[in-house]
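Below is one structure, written out as structure tokens; comments come after it.
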Amino acid sequence: MASSSSLSSPLPLPSPRASPYSLHHCHLRLPSLPFPFTLHSNRLAMLSVKSAPPPPSPFRVLCSRDSRAAAVTKDSWEKLILKSDIPVLVEFYASWCGPCRMVHRVIDEIAGDYDGKLKCFVLNTDSDLQIAENYEIKAVPVVLLFKNGEKRESVVGTMPKEFYVAAIERVLQL
């Protein structure tokens with residue numbers, strides 16, 4: 001029969017007389033390391049490093065809130081997409097989808113290029129699964145183009161900007 005101490009810890013605990021530098025758990029500062037650390041099961045984990053903050057970057061990080069393509073949901077779908085007076089592009093994406101991030105950048109560029117001629121939106125398929133199912137979206141990213149409330153073109157997967165532009169031009173000429 002196992003003792004209660006063997007049930008509470010998979011590793012043998014050091015005896016009270018064991019060295020404070022045992023491999024089980026210790027806090028110490030080594031002269032060769034400029035930061036405190038904790039040693040757990042032979043892994044070195046940094047606790048804190050006090051240093052000057054990095055200088056400000058000259059680059060601007062684009063976040064979803066900086067996007068030129070607005071979010072559309074099931075609540076705004078009819079008004080923004082189906083009843084739009086100009087053609088509409090909708091990117092169906094998921095937050096966990098890496099290729100979708102690449103398509104976001106292309107759609108943002110297109111939204112700027114076609115400002116006034118085309119409205120661009122993004123729809124999160126995890127949040128609005130019913131709309132994705134209505135248009136038989138089985139994988140993301142997918143871009144659908146609508147004119148007069150009807151789906152006219154689709155681009156499936158991550159494609160170069162030219163593919164999206166060609167589909168947009170076909171819809172604009174209809």
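Here, residue 1 is the first one in the sequence, and each next residue gets the next number.
Partners of Asn134 according to the side chain to side chain donor-acceptor pair (under 3.5 Å) rule, which considers only residues two or more places apart in sequence or in another chain, are Gln130. Val106 is linked by a side-chain contact (heavy atoms from CB on, under 4.5 Å) to Ile110, Lys161, Tyr164, counting only residues two or more places apart in sequence or in another chain. Partners of Ala139 by side-chain contact (heavy atoms from CB on, under 4.5 Å), not counting sequence neighbours: none found.
Shown here for Ala94 and Cys100, the closest heavy-atom pair between the two residues is N-SG, 3.8 Å. Smallest separation of non-hydrogen atoms from Val88 and Leu80: CG2-O, 3.9 Å.
In Glu78, the CD atom is not crowded: 12 or fewer heavy atoms of neighbouring residues, nucleotides or ligands sit closer than 6.0 Å.
Side-chain contact between Ser95 and Asp126 is present, with heavy atoms from C-beta onward closer than 4.5 Å. Taking 4.5 Å as the limit, some side-chain heavy atom of Val122 sits within range of a side-chain heavy atom of His104.
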**Report entry** Worked check of ring-ring contact (aromatic ring centres under 6.0 Å, His included) between Tyr135 and Phe146
**Finding:** CA-CA 12 Å; Tyr135 291 93; Phe146 294 83; 5.4 Å; yes

Report task. Test Leu89 against Tyr114 for side chain to side chain contact (heavy atoms under 4.5 Å, CB included), laying out the working first. Result -> CA-CA 11 Å; Leu89 178 149; Tyr114 286 89; over 6 Å; no

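The side-chain contact (heavy atoms from CB on, under 4.5 Å) test with Ile107 singles out one residue from Met102, Arg68, Glu91, and that residue is Glu91.
Checked by atom type, the side-chain pair Asp128/Trp77 shows no donor-acceptor distance below 3.5 Å.
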